[in-house]
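Accompanying notes for the structure given below.
Throughout, protein chains are lettered first and strands after them, A, B, ... in sequence-line order, and every chain is numbered starting at 1. Fair warning: this is a prediction, and the values are worked out from it, not measured in the lab.
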2 protein chains.
Amino acid sequence: MSRSATGTIFSIQSLAEEERIPLKFLEQILLILRKGGIMHSRRGAGGGYQLVRPATRITVGEILELVDGPIELLPDGNSLSPGLTSAFQELQGEMQAWLTKMTLADVMQREQLRGAVSFDI
Amino acid sequence: MSRSATGTIFSIQSLAEEERIPLKFLEQILLILRKGGIMHSRRGAGGGYQLVRPATRITVGEILELVDGPIELLPDGNSLSPGLTSAFQELQGEMQAWLTKMTLADVMQREQLRGAVSFDI
DNA sequence: GAAAATCCAGACAAAATTAATAGGGAATCT
DNA sequence: AGATTCCCTATTAATTTTGTCTGGATTTTC
């Protein structure tokens with residue numbers, strides 16, 4: 001019963017129990033994901049959350065940026081030398097590229113290959 | 001008068017003044033680099049620090065690991081799903097590869113290209 | 001022996017990060 | 001109306017990180 005299938009709807013509570021995450025904690029994360037355009041929600045009885053797009057079109061980078069904020073190796077007002085700054089910008093670019101290629105579907109496939117616990121979100 | 005030339009010796013104090021870093025702070029860093037086998041030091045009058053190897057054979061990753069500890073995207077006792085863990089391990093591997101290819105000489109060349117402040121260490 | 005310089009262990013505070021908790025408000029279904 | 005479920009803001013607590021400072025001890029040169 002994969003919650004990562006596009007149409008599947010589920011409640012915060014049910015997911016919180018399965019993953020053993022505090023309900024109020026999970027609530028905040030899902031809220032962020034909805035505002036970020038990754039999930040859709042419906043209130044009231046029978047409501048819940050569901051993915052807006054198929055997992056093949058949701059990237060890890062997208063989720064990470066929403067939840068953790070922008071991926072930046074360099075601090076905002078960085079005092080590093082221009083050469084180091086340039087180098088780290090390059091690395092950061094490579095990380096971004098990777099994070100943009102890696103989709104939620106890719107990650108879920110890796111769960112399968114490892115044959116372990118089922119994973120959702 | 002580049003301090004990154006292999007033979008050049010300099011004192012903590014002179015570098016601290018130039019870079020406007022607290023002397024005692026810089027001292028700790030240089031100490032780490034020496035223990036890590038990147039720098040050599042000589043005590044007493046006329047002593048100081050110098051690079052052991054040419055900058056072409058010192059990598060940014062080496063320095064970073066010494067100063068900041070191991071580069072790890074995943075926390076030590078990570079509770080992530082196996083699929084996510086696997087994915088992040090892959091990314092971490094790519095970062096490591098990049099950091100191992102990028103040498104101090106490469107960084108210094110970028111300083112030149114940007115024509116800005118001279119940079120040492 | 002005096003001066004110059006590194007060596008070393010530890011204490012400290014401010015800031016940032018992370019995880020969690022709290023308490024109600026608003027919409028929707030039956 | 002009442003139950004269900006998401007919505008929203010704020011606060012707390014614990015931990016880690018970062019930068020800095022203290023106070024010497026040791027080695028080397030002159």
Side-chain angles (χ1 to χ4, degrees), chain A residues 3 7-52 63-81 84 88 120-121, chain B residues 3 7-52 63-81 84 88 120-121:
Chain A
R3 301 197 145 99
T8 314
I9 194 166
F10 60 89
S11 71
I12 299 178
Q13 195 178 31
S14 67
L15 184 55
E17 277 167 8
E18 271 182 39
E19 302 289 343
R20 286 184 194 89
I21 304 169
L23 185 138
K24 285 300 220 175
F25 184 37
L26 179 58
E27 192 183 324
Q28 296 173 70
I29 294 169
L30 289 173
L31 215 43
I32 291 170
L33 294 181
R34 180 185 59 83
K35 287 180 182 169
I38 288 180
M39 306 208 77
H40 171 74
S41 69
R42 228 172 56 216
R43 291 203 259 199
Y49 279 92
Q50 63 193 123
L51 288 180
V52 164
I63 298 176
L64 244 102
E65 284 231 348
L66 287 174
V67 175
D68 285 356
I71 315 296
E72 43 190 8
L73 292 180
L74 316 136
D76 272 358
N78 94 80
S79 59
L80 296 179
S81 75
L84 256 191
F88 280 134
D120 290 306
I121 281 272
Chain B
R3 302 196 144 97
T8 314
I9 194 167
F10 60 90
S11 71
I12 298 178
Q13 195 176 31
S14 66
L15 184 55
E17 277 166 9
E18 271 181 39
E19 302 288 344
R20 286 183 193 91
I21 304 169
L23 185 137
K24 285 299 218 174
F25 184 35
L26 179 59
E27 190 183 323
Q28 295 172 69
I29 295 168
L30 289 173
L31 214 42
I32 291 170
L33 293 180
R34 179 185 60 82
K35 288 181 182 169
I38 287 180
M39 306 208 76
H40 171 73
S41 69
R42 228 171 55 214
R43 292 204 259 199
Y49 279 92
Q50 62 193 121
L51 288 180
V52 165
I63 298 176
L64 243 100
E65 284 230 350
L66 286 175
V67 176
D68 284 357
I71 317 294
E72 44 191 7
L73 292 179
L74 316 136
D76 272 357
N78 94 81
S79 58
L80 296 179
S81 74
L84 257 190
F88 280 134
D120 290 307
I121 279 279

Let me know the distance between CG of Leu26(B) and C1' of dC8(C), rounded to the nearest Å.
15 Å

Does Leu31(A) reach the side chain of Arg34(A), with side-chain heavy atoms less than 4.5 Å apart?
yes

Flag the pair Ile38(B) / Ile32(B) as yes when at least one side-chain heavy-atom distance between them is below 4.5 Å, and no otherwise.
no

Does the side chain of Arg42(A) get closer than 4.0 angstrom to OP1 or OP2 of dT5(D) through an N or O atom?
no

Rounded distance (Å) that lies between atom C1' of dT5(D) and atom CD of Gln50(A):
14 Å

Look at Ser41(A) and dT5(D) and indicate whether a side-chain polar atom (N or O) is within less than 4.0 Å of OP1 or OP2.
no

Would you mind reading off the distance between Leu31(B) atom CG and dC21(D) atom P, rounded to a whole angstrom?
18 Å

Which nucleotide sits closest to the side chain of Ala45(A): dC6(D), dT6(C), dT4(D)?
dT4(D)

Does any part of the side chain of Ile21(A), heavy atoms only, come nearer than 4.5 Å to the side chain of Leu15(A), both counted from C-beta?
no

Residue Arg43(A), side-chain atoms from C-beta onward, closest of dT21(C), dT20(D), dA26(C):
dA26(C)

Between dT5(D), dC21(D), dT21(C), spot the one nearest the side chain of Phe25(A), thanks.
dT21(C)

Among the nucleotides dC8(C), dT6(C), dC8(D), which one has an atom lying closest to any side-chain atom of Glu27(A)?
dC8(D)

Can you tell me the distance, in whole Å, between the CG atom of Leu23(A) and the P atom of dT21(C)?
11 Å

Which listed nucleotide (dA20(C), dT6(C), dT9(D)) is nearest to the side chain of Lys35(A)?
dT9(D)

How many Å lie between CG on Leu74(A) and P on dT18(D), as a whole number?
14 Å

Leu26(A) versus Glu19(A): any side-chain heavy-atom pair under 4.5 Å?
no

What pair of heavy atoms forms the shortest contact from Tyr49(B) to Ile12(B), and how long is it?
CE1-CG1, 3.6 Å

Any donor-acceptor pair under 3.5 Å joining the side chain of Gln28(B) to the base of dC7(C)?
no

Whole angstrom is fine here: how far is it from CE in Met39(B) over to P in dA5(C)?
16 Å

Rounding to a whole Å, what distance do you find between Leu80(A):CG and dG19(D):P?
10 Å

Using atom CD1 of Ile9(B) as one end and atom C1' of dT6(C) as the other, report the distance to the nearest whole Å.
11 Å

Closest approach to the side chain of Lys24(B), judged atom by atom: which nucleotide of dT6(C), dC8(C), dC7(D) is it?
dC8(C)

